[in-house]
Protein chains: 2
Amino acid sequence: MTAKIDDLFHEECPKVSRVLSRLGDKWSVLIVVLLRDRAYRFNEIKRTVSGISQQMLTRTLRNLERDGLVSRKTYPTSPPQVEYSLTDLGHSLSEPVLALGEWAKTHLGEIDAAQTRFDRRAEK
Amino acid sequence: MTAKIDDLFHEECPKVSRVLSRLGDKWSVLIVVLLRDRAYRFNEIKRTVSGISQQMLTRTLRNLERDGLVSRKTYPTSPPQVEYSLTDLGHSLSEPVLALGEWAKTHLGEIDAAQTRFDRRAEK
DNA sequence: CGGTATCCATTCTGATACTG
DNA sequence: CAGTATCAGAATGGATACCG
């Protein structure tokens, strides 16, 4: 009983937390979900994920690549061409991430409503 | 085809992103998963989630309460007693979150290995 | 016990300019 | 096209002290 809690919170949880922190940044999840369909080129991602700066896209892709979730392939053409796609690990991650995305889409209204209620009460 | 992408990335995604960012902070997810079992008191959570400061716990709980994911009940006893529990919305969220947690637990080793490989190559 | 207030270090994010 | 470099501002995290 307590052992379960201990296991979860003193051994697993710092690690799990680390993974979730990475996904919690502003763009990682969006890119993982986008790349589910097919490989994308750098500027193609930039155009699709509106609002992301070139720098943030570079940084996010580097992190995902470092984590082994995304693979980067360069084609020595002119102009240079770079393609990003999900690795197997990335694909397996995209499943639970998509589920979470679905939840968010479904329940966003309730969250907004709750926030409004909360803020209204706090104001007084 | 393109419509699907557009829908996802120009309407849904900023909103979904907002929800996921909230969960991406260092403690929210851990507390949501903890509270799945039962209600917890303030210092009980603090003891269980080792490493969290009193302030961060307060802040995180306020945010979760504001989002309608956690409810706060005070008992006017002496000493004062405050109990936190998941709302229905919080419970429904905990499902996909737990799935993601399972994924993280399973694949953390692969991520660590990928990082080591990546860093080793970058060093040279 | 369960907070709030203050303050500081670190990290994250993004705009701008430049490069092979 | 696909980046890197630099720099500033915002957000986040946490330590400490104090309060009802």
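Naming: A, B, ... by sequence-line order, numbering from 1 per chain.
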query = Starting at the 5' end of DNA chain C and moving along, which residue's nearest nucleotide shows up first, B/Phe42 or A/Trp27?
reply = B/Phe42
ask   = Do the charged groups of B/Arg47 and B/Glu44 touch, with an N to O distance under 4.0 Å?
value = no
Got a list of protein N/O to nucleotides 9-11 of chain D N/O distances below 3.5 Å?
none

message = For a quick test of reading the model: is some side-chain N or O of A/Tyr84 closer than 4.0 Å to OP1 or OP2 of D/dG3?
response = yes
key: Donor + acceptor pair across side chains of B/Asn63, B/Thr60 (<3.5 Å)   = no
task = Salt-bridge test for B/Glu83 and B/Arg38: reply yes if a basic N is under 4.0 Å from a carboxylate O, no otherwise.
result = no
task = Give, for atom NE2 of A/His91 and atom OG of A/Ser85, the distance between the pair rounded to the nearest 0.5 Å.
result = 8.0 Å
ask   = Say you draw a straight line from CD1 of B/Ile31 to CG of B/Leu61; how long is it, rounded to the nearest 0.5 Å?
value = 5.0 Å
ask   = Between residues 57-82 of chain B and DNA chain D, which residues have a heavy-atom gap below 4.0 Å?
value = B/Arg59, B/Pro80
key: Whole-Å distance separating the CG atom of A/Asp25 from the C1' atom of C/dT11   = 12 Å
ask   = With a 4.5 Å heavy-atom cut-off, do B/Asp67 and A/Gln115 have their side chains touching?
value = yes
inquiry  = I'd like to know if B/Arg62 and B/Glu65 make a salt bridge, using a cut-off of under 4.0 Å between side-chain N and carboxylate O.
reply    = yes
request  = For C/dG2, take OP1 and OP2 only and decide whether either is under 4.0 Å from a side-chain N or O of B/Arg41.
outcome  = yes
message = Counting only side-chain nitrogens and oxygens, does A/Lys26 get under 4.0 Å of the OP1 or OP2 atom of C/dG14?
response = yes
task = Would you kindly give the CE-to-P distance between B/Met56 and C/dC8, to the nearest whole Å?
result = 19 Å
request  = Ignoring hydrogens and angles, answer whether the base of C/dT6 and the side-chain atoms of B/Gln55 contain a donor-acceptor pair closer than 3.5 Å.
outcome  = yes
Nearest-Å distance for atom pair CD1/P, residues A/Ile52 and D/dG3 = 13 Å
ask   = Can you check the B/Gln54 CD to C/dT4 P distance for me, whole Å?
value = 9 Å
request  = Measure the spacing between CG of A/Leu20 and CG of B/Asp25 and express it to the nearest 0.5 Å.
outcome  = 10.5 Å
note = Rounded to whole Å, the CD1-C1' distance (A/Ile45 to D/dA2) equals 11 Å
ask   = Any side-chain heavy-atom pair from A/Trp27 and A/Leu34 closer than 4.5 angstrom?
value = no
remark   = Rounded to whole Å, CZ of A/Arg47 lies from C1' of D/dA2 at a distance of 12 Å
request  = Provide, to the nearest angstrom, the distance between the CD atom belonging to B/Glu44 and the C1' atom belonging to C/dG3.
outcome  = 17 Å
